[in-house]
**Q** 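Let me begin by handing over the structure; questions about it come next.
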Amino acid sequence: MNDGRTWWKEAVVYQIYPRSFHNANDDGIGDLRGISEKVDYLDDLGVDVVWLCPVYDSPLVDGGYDVRDYRAIHDDYGTMADWETLRDDLHARDIRLIMDMVTNHTSDEHEWFRKSRRKAGKYRDYYWWVDGDPDRPPNNWESFFGGPAWSYDERREAWYLHLFDEKQPDLNWRNPDVRESLFEMVRWWIEKDCDGFRFDVINLISKPPDLPDGDPDSTQRGKEQFINGPRVHEYVRELHDRVLDDYDVVTVGETSDVTIDEALRFHEDGLDMVFSFQHLHIDKGDRGPWDFDEWTLDELRDATARWQRGLEDGAWNSIFLGNHDQPRLVSRFGDDEEYRAESAKMLATYLFTLRGTPFVYQGDEIGMTNPTFRRLDEYRDEATIQKVMLALQTGDVSTFDKIRDAVDFWSRDNARTPMQWSDDENAGFTDGEPWIKVNENFPEVNVEREQGDEDSVLNYYRRLVVLRHSTPVLVYGRYVQLLEDHPEIYAYLRTLNDESERLLVVLNFFDGEPTFRLPDDVTDDRSEKLVGNYGDRAGDSIAEIDLRPYEALVYRLE
Ligand code: NOJ
């Protein structure tokens, strides 16, 4: 770890969900060779790091976050030789490769669990087993996918814990042998020349050993017990000291419900960055998983600014608005119809001008939107399906129709439809039958079309990548809030070297036409526009700017 200039602070990360990226062998499922066929596209976009979602051998009940064998590639995605080719293809273009590392749980088909179930040797306590009445789970904890976090195993005649699907038993990190096995495996991947990891749900790995009941009124019972549990920092530090510290790898921890204080501690433990989700909670209601609340710019600005300031000294932010678990950012925070391109570019400007490492989720660089799912059988995501089934079974809702729109908005499948490469059949993703439906708007929204249009969202992303690479103040500059409470305009400065370098960022977050007024205490003798999503703005005066819908502007102030 290094608090000065560091490659991963200057990097732009591109996240790939392999099942939906590109399919080389026509079986309808994205694969590693398919990604290799697109490395020139990534190179052209200018990204520095690819984060690959899981490609390990797996029964795939949770998109591969249920690992059966950490050291093997799932047949759907190809072979280990294909992974090595992809790694080399990326490295040849100076793009690093980071793997998604799932260490909170495995699949129940993993060898460790199969042995643990039989109480075989040292594997006996690799998971959270509790003996007891088969009709009474050990406590009231609920899984992230809905329903109890415990299942009874007839074979071992005991309960086991699973914070996600019942086929994803939680590993028992209290057991030093478990940690040893995981550390060995992480080292094995580094030795295979991968450049870092995104650690899945890393702040769930420690649970209080007496397994106390959770608050019965909580939205997810038990979460105050297992999120940031008692020994989580000790474990992360051990992972760092015993493995990561020996290498120049980048690490980002996925941490739900993490506070700034916790994030600072994770940083001290040795994680380079964490994903905080506070800014993505602003539109979540508290009446169940499908509840939606209108968000306000105040909420987004507060959450963003809090983290910008909170991690100012030493620690480092990851900047993102979407991933494979979230709705498409343009459908959520922009306008996916009339102003699709403008708002996609405005949101991209947000991602690239804050202090931290930007993470771009595949397809966002062409402004992909949420598709429309009409029937339950169109969904592929087990978490979506399970939560709907549970709501129907418990009578929380009487018919699927009643929650159809909400499910359609929140489902994780929104981000998992195939990458739209062209207006060919299946958006050029596959010549086979796609494993999940293709968004119907692919004839208008696709890479090929965007490549041919100077003003496209894709070309705007490219310009932002170049700008970020060539503008140290964008990477290392301090974040200075302007217009603390404007309801439509989000504006800030980035400043470096005692303010001798200053950038002004102005983002109109809605479709109105507000006027931006530069605060009196910000001097602007001269300004130069660096980037904007309406090409034609002329003149240098930034004292007062009449903004257009979703307009984004970045100026250098002198
Ligand atoms: C977070 C991953 O992003 C999500 O897709 C997965 O379902 C859970 N962790 C469980 O591994």
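Each ligand, and each atom within it, is numbered from 1 in the order the structure gives. Because only heavy atoms are used, hydrogens play no part in the values below, and waters and symmetry mates are left out as well, while side chains stay in. Not measured: the values here are computed from a predicted model.
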**Q** Is the shortest distance from a Lys or Arg side-chain nitrogen in R412 or D381 to a carboxylate oxygen in the other one below 4.0 Å?
**A** yes
**Q** For ligand 1, what is the set of protein residues having any non-hydrogen atom at a distance below 4.0 Å?
**A** D62, Y65, H105, F145, F164, R198, D200, V201, E254, H324, D325, R412, R416
**Q** Mind running side-chain contact (heavy atoms from CB on, under 4.5 Å) on S181 and K122 for me, showing each step along the way?
**A** CA-CA 11 Å; S181 297; K122 71 166 189 172; 4.1 Å; yes
**Q** Would the F275 and F359 ring centres measure less than 6.0 Å apart?
**A**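 So the answer is yes for these two rings.
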**Q** Among pairs that include at least one residue of residues 362-374, which meet salt bridge (Lys or Arg N to Asp or Glu O under 4.0 Å), considering only residues two or more places apart or in two chains?
**A**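 Matches after skipping sequence neighbours: R328-D364.
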**Q** Show, in sequence, the C-alpha distance, side-chain angles and deciding distance for D269 and H240, and conclude whether the side-chain contact (heavy atoms from CB on, under 4.5 Å) test is met.
**A** CA-CA 7 Å; D269 299 337; H240 173 263; 5.9 Å; no
**Q** Identify whether the distance between the nearest side-chain nitrogen and carboxylate oxygen of D57 and R68 falls below 4.0 Å.
**A** yes
